[in-house]
Amino acid sequence: MEHQLVIVLDFGGQYSHLIARRVRDLGVYCEVKPYTTAPEALAALRPVGIILTGGPNSVYADGAPRCKTEILTLGVPVLGICYGAQLMAWLCGGKVAAAPKGEYGRVSLEILDTASPLFADVEQNATCWMSHTDCIAEAPTGFTVTAQTENCPCAAMEDAARRLYAVQLHPEVQHTTFGNQMLGNFLMKVCACSGDWQMRGYVEQTIAQLKTKIGGKKVVCALSGGVDSTVAAVMVHRAIGQQLTCVFVDHGLLRKNEGDQVERICKETFQMNFIRVNAQEEFLGKLADETDPEKKRRIIGETFIRVFERESKKLGKVGYLVQGTIYPDVIESGAGNSAVIKSHHNVGALPDVVDFDEIVEPLRMLFKDEVRRAGLELGIPEALIWRQPFPGPGLGVRILGSITPERVALLQEADAIFREEIAHAGLERGISQYFAVLTNIRSVGVMGDGRTYDATIALRAMTTSDFMTADIVPLPYDLLGKVSSRIVNEVPGVNRVVYDITSKPPATMEWE
Ligand code: XMP
């Protein structure tokens, strides 16, 4: 099945990915391409629309990222957003200059042309989100100004004959109240999109493609139990069944019962060819007495590679190695243009130790929320699909000081209580990540008639959209009180519970 395609041309804006996500949420398939993509290459993709994103530069500055003007004359409708709007004006002969007064944040938008297709069903004087120092000082010949704000006389413009549209505001951010409507209007009314992008069709199509591509070859997948690798594995399994072997290395640093849960889902729900490598002793043995956080990470990473290498050698030569790469990783590694630093590569070294011909990445074109939808389509239980992100080195990055089997067990218990109470309060979906940390603080307490000298557990709960910055979640006091009381009563060896109220930055999310 062929989908209609919209291209999001990335000029380095911080919201470029968000634009692409919004477009897909509106049922239109889109891909992010760097602004340097040649017009002929874009035309060859036969897009039904092109969106120029925002970016941090001034269009008139030396070295500013600019696409070729021919992109505007392909006969395909174009929507310029923020920098993309200014670039459209500049390329078409209009004027862009520093605004007398920049606009940052919420502003009221006055629509001047209510007949513009872009503003169909958009309220007059709606709130929109602005973030700019430059503005379109003079719209190019052929364009009419269709909206303004107090400090931005050209907040939107269009040349309906050439199907060129531009908005200074950010329709993709939540604070623009009719932003989704505007994007939808561009897609449906200007580009005539039918909204044919649906997860079910995509999943079926990918499974069929995997079947053809893999043929009769053997495939191996390193399963971490996280959402991405599980969805990737189940998809490949649907395509080729027992030709796939999943290897799950249990390093003993998973959350309570998580290893068993992964095994149950893979073996019982999906009847996969599943190897669980119980390497807890090997990992904990190598970690004994190590207290330096970076060294602990290195030991866990290296041991993982060695254990996986050993297991995969037993399988002999394989045709394909499955990786759970998702679309943001693809864009970040250069397919788009946004400057983002990827900090954690859990399986980066696996390709070096497996004897395989090719890598297969069934989730390569999906955003995280789409991976979840694909997982639900495939019948993976909700509890796994909505599992919060968990670092590759597991509880190893949540235990300060030395990692012993006793300390791991203690943290597993405390963390399980915290998670249980959060679930009980119905707060799971509203928090990006929440967990317990075993600190290396011991302090005096009193329990019953006796003096104790025991460990301190720290609790952490954060919201974030990109994990680069994060805010603390103000959990209700009665919930925190209940968790604290349960932990000190139910987990021997703990006599104090504290709540971390530091945002990121300056702190990181994990304690190490
Ligand atoms: P920090 O502590 O750096 O964490 O603020 C940001 C996010 O990354 C996760 N994290 C990891 N994820 N492998 C991963 O896959 C790792 O080694 C790793 N270390 C931290 C952390 O849980 C948070 O979501």
Side-chain angles (χ1 to χ4, degrees), residues 17 221-233 248-255 258-259 262 283 286-287 290 292-305 307-308 323-330 332-333 340-351 361 363 367-369 371-372 384 386-400 403 408 411-412 414-415 418-419 422 428-439 458-473 500-512:
H17 299 196
C221 175
L223 209 67
S224 71
V227 182
D228 301 343
S229 69
T230 308
V231 175
F248 168 55
V249 175
D250 186 348
H251 48 31
L253 297 163
L254 294 165
R255 287 173 287 212
E258 216 159 62
V262 172
F283 278 86
K286 291 208 168 128
L287 283 166
E290 186 54 70
D292 180 85
E294 273 309 310
K295 287 191 185 142
K296 287 196 279 194
R297 268 179 180 276
R298 218 170 37 239
I299 292 171
I300 297 170
E302 283 169 8
T303 311
F304 181 82
I305 299 293
V307 173
F308 193 83
Q323 301 235 290
T325 319
I326 68 172
Y327 200 40
D329 306 332
V330 175
E332 281 161 23
S333 61
V340 185
I341 302 146
K342 185 146 176 61
S343 46
H344 306 297
H345 295 270
N346 289 328
V347 291
L350 280 190
E361 297 171 315
L363 312 178
F367 285 107
K368 189 82 185 187
D369 42 347
V371 171
R372 292 206 167 99
L384 197 155
W386 286 103
R387 191 173 271 181
Q388 47 174 323
F390 187 59
L395 299 181
V397 299
R398 295 179 183 167
I399 296 178
L400 279 71
I403 301 176
V408 173
L411 179 58
Q412 281 175 331
D415 185 67
F418 188 32
R419 286 190 290 130
I422 293 265
E428 290 157 298
R429 298 265 175 104
I431 312 176
S432 310
Q433 218 174 354
Y434 52 94
F435 51 84
V437 172
L438 177 54
T439 72
L459 305 175
R460 190 128 174 83
M462 315 283 290
T463 50
T464 176
S465 56
D466 57 7
F467 293 87
M468 303 281 184
T469 61
D471 286 324
I472 54 154
V473 175
D500 180 358
I501 52 165
T502 331
S503 62
K504 172 183 178 177
T508 52
M509 296 180 71
E510 303 289 349
W511 287 41
E512 291 182 58

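Ligands are counted one by one from 1 in listed order, and the atoms in each one are counted from 1 as well. Because the structure is predicted, anything quoted here is derived from the model rather than measured. What you see below is based on every heavy atom in this structure, not just the backbone, and it leaves out hydrogens, waters and symmetry mates.
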Where ligand 1 meets [X] - atom numbers and elements under 4.0 angstrom, heavy-atom basis:
X      : value
Thr508 : 1 (P), 2 (O), 5 (O)
Lys504 : 1 (P), 3 (O), 5 (O), 6 (C)
Pro393 : 13 (N), 16 (C), 17 (O)
Gly392 : 13 (N), 14 (C), 15 (O), 16 (C)

Exercise. Mind checking whether Gln433 has an N or O less than 3.5 Å away from an N or O of ligand 1?
Worked result: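 So ligand 1 has an N or O lying under 3.5 Å from an N or O of Gln433.
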
Taking distance alone, with N or O pairs closer than 3.5 Å, would you say Met509 contacts ligand 1?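 Yes, Met509 has an N/O under 3.5 Å of an N/O on ligand 1.
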
**Report entry** Asp329 side chain to Ile326 backbone, donor-acceptor under 3.5 Å
**Finding:**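 Present.
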
- How would you list, by chain and number, every residue that makes a side-chain hydrogen bond (donor to acceptor under 3.5 Å, both in side chains) with Glu258, sequence neighbours excluded?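 side-chain hydrogen bond (donor to acceptor under 3.5 Å, both in side chains) check on Glu258 returns Arg255.
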
Which atom pairs, donor and acceptor, lie under 3.5 Å between side-chain atoms of residues 221-228 and protein residues at least two apart or in another chain?
residue	atom	partner	partner atom	Å
Ser224	OG	Gly226	N	3.0
Ser224	OG	Ser229	OG	3.2
Asp228	OD1	Lys368	NZ	3.0
Asp228	OD2	Lys368	NZ	3.3

Contact between Arg297 and ligand 1, counting heavy atoms under 4.0 Å?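 Checking ligand 1 against Arg297, which is what was asked, there is a heavy-atom contact under 4.0 Å.
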
Residue that, paired with Glu512, satisfies salt bridge (charged side-chain N to carboxylate O under 4.0 Å, His left out) out of Lys295, Arg398, Arg297: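 For Glu512, the salt bridge (charged side-chain N to carboxylate O under 4.0 Å, His left out) check succeeds only for Arg297.
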
How long is the straight-line distance from NE2 of His17 back to OH of Tyr327, given to the nearest 0.5 Å?
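With rounding to 0.5 Å, OH (Tyr327) is 8.5 Å from NE2 (His17).
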
